[in-house]
Amino acid sequence: MKRYFLTVVFIAAAVTAHGGLETAGGGYAPAGEAASFFSDARTQNRVDSLLALMTLDEKIGQMVLYTSHFTVTGPTLAKNVEQAIRNGTCGNIFNAHVPEYNRNLQRIAVEETRMGIPLLFGYDVVHGMETIFPINLGMSCSWDMEGIANSARVAAREAIASGVNWTFSPMVDITRDPRWGRVSEGSGEDPYLGSLIAAAMVRGYQGDDLSADSTILACVKHFAAYGAAQAGRDYHTVDISERTLREVYLPPYKAAVDAGVGTVMTSFNDIDGVPATASDFLFEQVLRREWGFNGFVVTDYTALSELIPHGVAADSLHAAELAVYAGINMDMEGDIYHKHLRTLVDHGRITHQQIDRLCGEVLKIKFGMGLFDDPFRYLDTEAHKAEFYKPANIAAARDMARKSFVLLENGKGTLPLEDGKKIALIGPFADSRRDMLGSWSGQGKADKVTSILDGFRRRFGSGNVVYAAGCPPSGDDRSGFAEAVAAAQEADVAVITVGLPGQWSGEATSLTSITIPRIQQELVRAVRETGKEVVLLIVTGRPLDLSWEAENSDAMMVVWYPGTEAGAAVADVVSGDFAPVGKLTMTFPRSLGQLPIHYDMKNTGRPYTPGQGEQHYVSRYFDTPTNRPLYPFGYGLSYTTFGYSDMEVLTPSVGMGTPVRVAATVTNTGDRPGEETVQLYVRDDVASVTRPVRMLKGFAKQMLAPGQSARVEFIIAPGDLEFYRRDMSWGNEPGGFTVWIGGDSDAELSGKFEIR
Ligand code: GLC
């Protein structure tokens, strides 16, 4: 096979700093420089001048956020928001995304109140506004930072066209338990990758000029460690060590702060006994003193009043007091600040200075966004309406969708499907539009969605596609089986869409089962009995136990909830017009019983070693032959194959603080062109505390023609090897390290280096 080399490719492993953290040992890592749009002296002077003119009630009004009645995303609904704005007791609105309505509210705020302070209009623009991109867990599998940033840029422009100037995104909660329905909103299990994605989305929304009329204010959420809810049960207790909190869960929030995010949202959960919304450790110590955050903090929906059921606040007055001392600026729908802050001031339990500081940080953002210069800046909707579904937005959504798909099985080369083949397209999601949007789909319209059936008919020709729903997503209605079997019998290949409905992921959708509903498995079995090759397309917002499906299909690909361009993107990949590039960012377990399972676990003192025969007294399950997941983090197939060779540690021994260079060759060993995401993993072999068996520390995308090779080099910066040592001080330790380069977290090609 003709092999020719690409030139050497230098890839510097991005450093995701934990920087600026005060640690128990008192050591300070160099503070990560938080980009700031709001800390200039002129803005502060404007804030101070305005505060001096405001009454206490007007200041409290700026700390209040009510929902409009257009969309309800929580357990309560605001009162008459127009009157509250007119009274000056509500300075911010969310879930309002009708330009004329928003414009009128802004007019009331600016023209009918004493101070004329403009409103913020917040909304959950999470993976698109009108043009809907794949769910965030799907987009994370693209490992395409520019594509992810662009999805946020597109969403920002469409949000502005709807009168929205503040998005409650990015959601960056690290997640390792697919029972939790909100894994769909995040970027998976890895702090390194999650940090890069968090920064990319903040840059996409906010650009480098928050006052520009093409950028909106972002809000990183949910601070903190909401994804660590016990047993994957939403809103449940989080009980983790400070080391785990700082090593695993905090980095993506820190990356968002360093990227200049203007707001942070509190999480519903408690951590180590303290609800986030009452945690001065999180919001004063970590967020502000250690990280230098200088925007404002908003609670999640009624999270402030939930301090009472949490059992840390005796009543609403006490809840308000706790939140002020935690440094919480704004109360989302809790109505607690509105009702109680004046009383707390009158009773001397909080001070005017505390109110000025918390209100001032909100005003600072509004100045930074240019709202005082032009309150209707984000409400020139005629100028922006052309944004909705414009061709570039549609193309971007389609591109991110096909890059999000992960090919899990294709042993017989069933995919891609050749033109001219007759396809039986079967299953409860083949002709579904609503499910393709997933949860938190903004103002995405189902009638704008290209269904998988639409996409197949357009790409393969209607005459080559026979459709049969076969069964509903759940229940026991088998009446459609016969039609599905008949469709398969007259076709060359059966493509079956199986999985979970779009509304089975997102908030308050924790599940005790992560297998595909039985009725769908029975449908697959019935179709398979025809003897035709079976391709499964997995429609899901979370990792599933696909053990049965892997044994009962010839090819299997996760398509997540692909968004507006679902059918076009699926047809692009199934036809081979676009070869799959996706790599899993969350482990797919072999069974529910393995949870939580993630690639960067600890070795334990009695590790189970695959392939070493019977091992009894080791850390494993008695009823399962292996600890390995079904599909590991970083895994994803292409239509070609890749081989790795010639690992070289160019700097086998370096002094502390010196970068390490490693390289390997990746070769396209198949007969089709393909793009590989080459991944770099590192293990600290011996340290003052136990360390993960592997940690992702870099990746590089490499397009290769059949037979082509590339030499890929990584530079491991000293910062990439820092961690919380035994005394919780942050930094490096000398010693030996193992490094792997490969196509997923099971990479075998390895080398060693030492830090002296
Ligand atoms: C919800 C969600 C949060 C969202 C907020 C406003 O409860 O937890 O992610 O941004 O309310 O809709």
Side-chain angles (χ1 to χ4, degrees), residues 64-78 81 90 92-97 120-129 135-137 152 155-156 159 162 164-175 180-187 198 201-202 205 216-229 232-236 238 252-253 256 261-270 275-277 295-307 309-310 328-336 438-444 503 505-510 541:
V64 171
L65 171 64
Y66 285 147
T67 179
S68 88
H69 60 285
F70 278 101
T71 309
V72 180
T73 55
T76 63
L77 187 56
V81 290
C90 168
N92 310 281
I93 292 289
F94 71 112
N95 289 335
H97 39 75
L120 286 175
F121 290 102
Y123 190 50
D124 291 283
V125 185
V126 177
H127 54 104
M129 182 71 190
I135 56 167
N136 301 80
L137 183 60
S162 309
V164 170
N165 55 31
W166 180 25
T167 178
F168 303 136
S169 178
M171 186 278 210
V172 304
D173 302 319
I174 293 293
T175 62
W180 192 49
R182 304 199 74 166
V183 303
S184 62
E185 303 170 45
S187 298
M201 292 196 75
V202 169
Y205 289 128
I216 57 175
L217 182 63
C219 180
V220 65
K221 66 186 185 181
H222 304 80
F223 199 60
Y226 182 23
R233 200 177 89 208
D234 208 349
Y235 317 119
H236 203 351
V238 169
Y253 306 110
V261 73
T263 62
V264 176
M265 183 183 291
T266 72
S267 60
F268 291 117
N269 56 285
D270 64 339
T277 306
F296 73 76
V297 175
V298 61
T299 73
D300 201 338
Y301 208 114
T302 65
L304 213 164
S305 40
E306 292 167 17
L307 297 180
H310 265 300
I328 310 302
N329 301 79
M330 194 181 288
D331 172 11
M332 178 193 286
E333 260 301 310
D335 223 11
I336 301 277
S439 63
W440 297 110
S441 54
Q443 285 302 295
Q503 293 310 306
S505 70
E507 187 173 355
T509 63
S510 294

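All residue numbers in this chain count up from 1 along the given sequence. Only heavy atoms go into these numbers, but all of them, side chains included; no hydrogens, no water, no symmetry mates. Read the numbers this way: they start at 1 and go in the same order the structure lists the ligands and their atoms.
Close contacts between ligand 1 and Phe268 involve ligand atoms 7 (O), 8 (O) [criterion: under 4.0 Å to a heavy atom]. Close approach of ligand 1 to Lys221 (heavy-atom distance below 4.0 Å) involves ligand atoms 3 (C), 4 (C), 9 (O), 10 (O). Counting atoms of ligand 1 from 1 in the listed order, those under 4.0 Å from a heavy atom of Met265 are 10 (O). Every atom of ligand 1 is numbered from 1 in the order shown, and the set under 4.0 Å from a heavy atom of His222 is 3 (C), 8 (O), 9 (O). Residue contact check: Tyr301 has heavy atoms under 4.0 Å from atoms 7 (O), 11 (O) of ligand 1.
Of all protein heavy atoms, the one lying nearest to atom 2 (C) of ligand 1 is Glu507 OE1, 3.2 Å. If you check which protein heavy atom lies closest to atom 6 (C) of ligand 1, you get Asp124 OD2, 3.4 Å. Atom 5 (C) of ligand 1 has its closest protein heavy atom at Asp300 OD1, 3.3 Å.
Between the side chains of Asp234 and Ser510, no donor-acceptor pair of N or O atoms lies under 3.5 Å. Defined by atom type and a distance below 3.5 Å, a donor-acceptor pair is missing between the side-chain atoms of Thr167 and Tyr123. Asn92 and Tyr66 share no side-chain donor-acceptor pair at under 3.5 Å. A side-chain N or O of His222 and one of Asp173 form a donor-acceptor pair less than 3.5 Å apart. Under 3.5 Å, the side chains of Tyr235 and Glu306 contain no donor-acceptor pair of N or O atoms.
The minimum heavy-atom distance linking Leu307 with Pro275 is given by the pair CD2-CB, 3.5 Å. Annotation for His236 and Asn269: closest pair O-CB, 3.7 Å, computed over non-hydrogen atoms.
The proximity of Met171 to ligand 1, defined as any non-hydrogen pair under 4.0 Å, does not occur for either the backbone or the side chain. Only the side chain of Arg182 comes within 4.0 Å of ligand 1, judged by heavy-atom distances.
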>> What verdict does the side chain to side chain donor-acceptor pair (under 3.5 Å) test give for Thr175 and Trp180, after you've listed the backbone C-alpha separation in whole Å, the side-chain angles of each residue and the deciding distance to 0.1 Å?
In response: CA-CA 8 Å; Thr175 62; Trp180 192 49; over 6 Å; no
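Residue Tyr123 places no heavy atom under 4.0 Å from ligand 1.
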